[in-house]
Amino acid sequence: MQKKEKTTLTNEEISRYSRQLLLPCIGTAGQEKILKSSVLVVGAGGLGSPVLLYLAAAGIGKLGIIDYDNLETSNLQRQIVHSEKNVGTPKVESAKSTIQNLNSNTKVETYNLLIDKSNAMDIIKEYDIVVDATDNVATRYLLNDASVFLKKPLVSAGALRMDGQLTVYNYNGGPCYRCIFPTPPPADTVTNCNDGGVLGVITGIMGSIQALEVLKIVTGIESSYVQKMLLFDGLTGSFRQIKIRPRNPNCPVCGDHPTITELIDYVQFCGAGAHDKTPNLKILDDKDRITVHDYKSIRDTEQHHVLLDVRETVQFNICSLDNSLHIPYANLHKQLDILKKENPNEHPVYVVCRRGNDSQLAVNFLKESGIENCFDIVGGLDEWAAKIDHGFPTY
Ligand SMILES: Nc1ncnc2c1ncn2[C@@H]1O[C@H](COP(=O)(O)OP(=O)(O)OP(=O)(O)O)[C@@H](O)[C@H]1O
Ligand SMILES: [Zn+2]
């Protein structure tokens, strides 16, 4: 008969983790590994929340939490590691207090900072696994490269609107993020939750699967997403697993002859930083733009004009200025006649959107279509709320 090593788990640990100890794929040996492991979670937002909660609950020995931001009310819809009383405080502290209430045995390190090339290596080297729960391309490349250099698995996910995706990079001979996405997308084509929206449950589902993959890696169960990507469509409820390319031997970071051997400037590489909610375009000359203050006096002095709001209908339904003519930017080419009908005397047209990007594109388009007397309202309704009417809703 083979003699088994006695478990090092205490009676308290046996009882606390009993429901997962009973799983043959985990058992006492798996739980011992979980208790000894350390995981770095980058981003304490929509994805990071379930990751942190489930990993703390499962007994991960040390959790690192990185986030530079403070908690906002609009985060509570999905960032369930936080609560109302912590609005305005650093997310890392808010998350730490929740997970310490859940499991006081888990050691928690907080990093209230923006992870970048100056600090990434020093922080990541202290952990076994990295979880990418952020929302921007610059940080994805940074975490990828640092994880490759330090030989750490990277459990990465994203969620937007009703969809999610997930992959485990740089693990068991599989590809890294750069093998699959060698060049970043143009900055102005990237949509984030702030613009596109996201249902909280979607981030909950994707973050929960990230936690699951972490636990599988820690306990030595094979991860299901090496060289595979999970695509989740919340509208149809379908989960699809697609095979992705293998490790690229010519990959500049993880390939056979790497050309990138230290962290680079990711903001420059991606054309956008971690902070940038939406790139602030400036495509019009100043003569084609007016400030919110100038537009306010046009309204106050009742000058004849048309206010054209080019936001999507879902956004227009949230809030709008009185007497706006609504034509979404995407429909403008089809609905120019509506604008012409509303403005037979060719009064000036002032174009507004949420932040002043689409409105500039719209002014450009109107000018090309022969409507010369039109102007962009700089900074859009966000600027209106900030500078003119503090009671105007922001979202
Ligand atoms: N380089 C980085 N360093 C530290 N934290 C980061 C970095 N990049 C992103 N984050 C954090 O990752 C989290 C991503 O989560 P999520 O997208 O759900 O939140 P959000 O940015 O607060 O959302 P919203 O776009 O609705 O304001 C954010 O809390 C953000 O502060
Ligand atoms: Zn690679």
Side-chain angles (χ1 to χ4, degrees), residues 40-52 64-82 87 90-92 94-95 110-120 123-124 130-149 154 156-161 164 167 169-171 173-182 190-200 202-204 206-207 227 244-260 263 266-267 270 272-278 394-395:
L40 180 66
V41 180
V42 188
L47 294 164
S49 290
V51 173
L52 288 163
I65 316 172
I66 306 188
D67 205 301
Y68 63 82
D69 217 355
N70 287 347
L71 184 64
E72 292 173 29
T73 311
S74 67
N75 297 150
L76 294 171
Q77 159 264 8
R78 67 186 185 287
Q79 305 185 14
I80 56 172
V81 74
H82 306 296
V87 168
K91 285 188 183 179
V92 287
S94 163
T110 56
Y111 306 87
N112 185 13
L113 50 79
L114 182 93
I115 188 168
D116 61 18
K117 66 181 279 206
S118 71
N119 51 29
I123 300 174
I124 293 176
V130 182
V131 175
D132 183 351
T134 66
D135 57 352
N136 62 87
V137 187
T139 308
R140 288 204 190 285
Y141 280 101
L142 166 78
L143 296 179
N144 178 69
D145 295 358
S147 302
V148 171
F149 298 150
L154 176 64
S156 176
L160 186 65
R161 300 194 175 105
T167 307
Y169 293 111
N170 192 35
Y171 182 58
C176 83
Y177 181 70
R178 271 187 199 263
C179 295
I180 308 300
F181 304 104
V190 179
T191 308
N192 57 27
C193 299
N194 194 289
D195 288 317
V198 64
L199 193 66
I202 305 289
T203 54
M206 302 315 294
Q227 214 195 309
I244 54 177
R245 270 176 277 160
R247 188 181 74 92
N248 174 6
N250 298 319
C251 172
V253 210
C254 80
D256 297 340
H257 305 286
T259 50
I260 298 173
L263 299 178
Y266 295 90
V267 179
C270 299
H275 284 298
D276 305 345
K277 295 279 184 206
T278 295
T394 52
Y395 51 92

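This structure is a prediction, so every number in the text was calculated from the model and none was measured. Remember, it's 1-based here, ligands and their atoms both numbered in the order they're listed.
Although no hydrogens or angles enter the test, the distance criterion places a donor-acceptor pair under 3.5 Å between the side chain of D67 and the main chain of A44. Judged purely by atom type and a 3.5 angstrom limit, H275 has no side-chain atom pairing as donor or acceptor with the backbone of L114.
Contacts between Q79 and ligand 1 below 4.0 angstrom, taking non-hydrogen atoms only, involve the side chain exclusively. Proximity of A133 to ligand 1, defined as any heavy-atom pair under 4.0 Å, is confined to the backbone N, CA, C and O atoms.
Of the listed residues (V92, V51, V81), just one forms a side chain to side chain contact (heavy atoms under 4.5 Å, CB included) with V41, and that residue is V51. Remark: of the listed residues F181, Y177, Y266, Y177 is the sole one forming a ring-ring contact (aromatic ring centres under 6.0 Å, His included) with Y141.
Interatomic distance, OG of S147 versus CG of L40, reported as 8.5 Å (0.5 Å rounding). Atom OG1 of T191 and atom CZ of R161 lie 5.0 Å apart (nearest 0.5 Å). Of the inter-residue distances, the one linking L143 atom CG with C176 atom SG reads 12.5 Å to the nearest 0.5 angstrom. Going from atom SG of C251 over to atom CD1 of I260 covers 7.5 Å, rounded to the nearest 0.5 Å. Note: I66 CD1 to I124 CD1 = 6.5 Å, rounded to the nearest 0.5 Å.
Shown are the protein N/O/S atoms under 2.8 Å from the Zn ion (ligand 2), given by residue and atom: C176 SG, C179 SG, C251 SG, C254 SG.
Of all atoms in ligand 1, numbered sequentially from 1 with element shown, those under 4.0 Å from a heavy atom of G45 are 15 (O), 18 (O). Every atom of ligand 1 with a heavy atom of N75 under 4.0 Å away is listed here by number and element: 22 (O). Atoms of ligand 1 found under 4.0 Å from any heavy atom of A274 (numbered from 1 in listed order, with element): 1 (N), 8 (N). Of all atoms in ligand 1, listed by their number and element, those nearer than 4.0 Å to a heavy atom of N136 are 8 (N), 9 (C). Atom numbering of ligand 1 starts at 1 in the shown order; those under 4.0 Å from a heavy atom of G43 are 11 (C), 12 (O), 13 (C).
Ligand 1 has no nitrogen or oxygen under 3.5 angstrom from a nitrogen or oxygen of A44.
In this structure, N144 has no side-chain hydrogen bond (donor to acceptor under 3.5 Å, both in side chains) partners at least two apart in sequence or on a different chain.
Heavy-atom separations between N192 and ligand 1 are all 4.0 Å or longer. R78 counts as a contact of ligand 1, since one of its heavy atoms falls under 4.0 Å from the ligand.
Between S156 and R140, the closest side-chain pair of non-hydrogen atoms falls below 4.5 Å. L142 has its side chain within reach of I115: a pair of non-hydrogen atoms, C-beta onward, lies under 4.5 Å apart.
Residue nearest to atom 1 (N) of ligand 1, selected from D132, T139, D116, I66: T139 (by heavy-atom distance). Counting only non-hydrogen atoms, the option in V92, D135, L160 that gets closest to atom 21 (O) of ligand 1 is D135. When T134, L113, V198, V42 are ranked by how near their heavy atoms come to atom 4 (C) of ligand 1, first place goes to L113.
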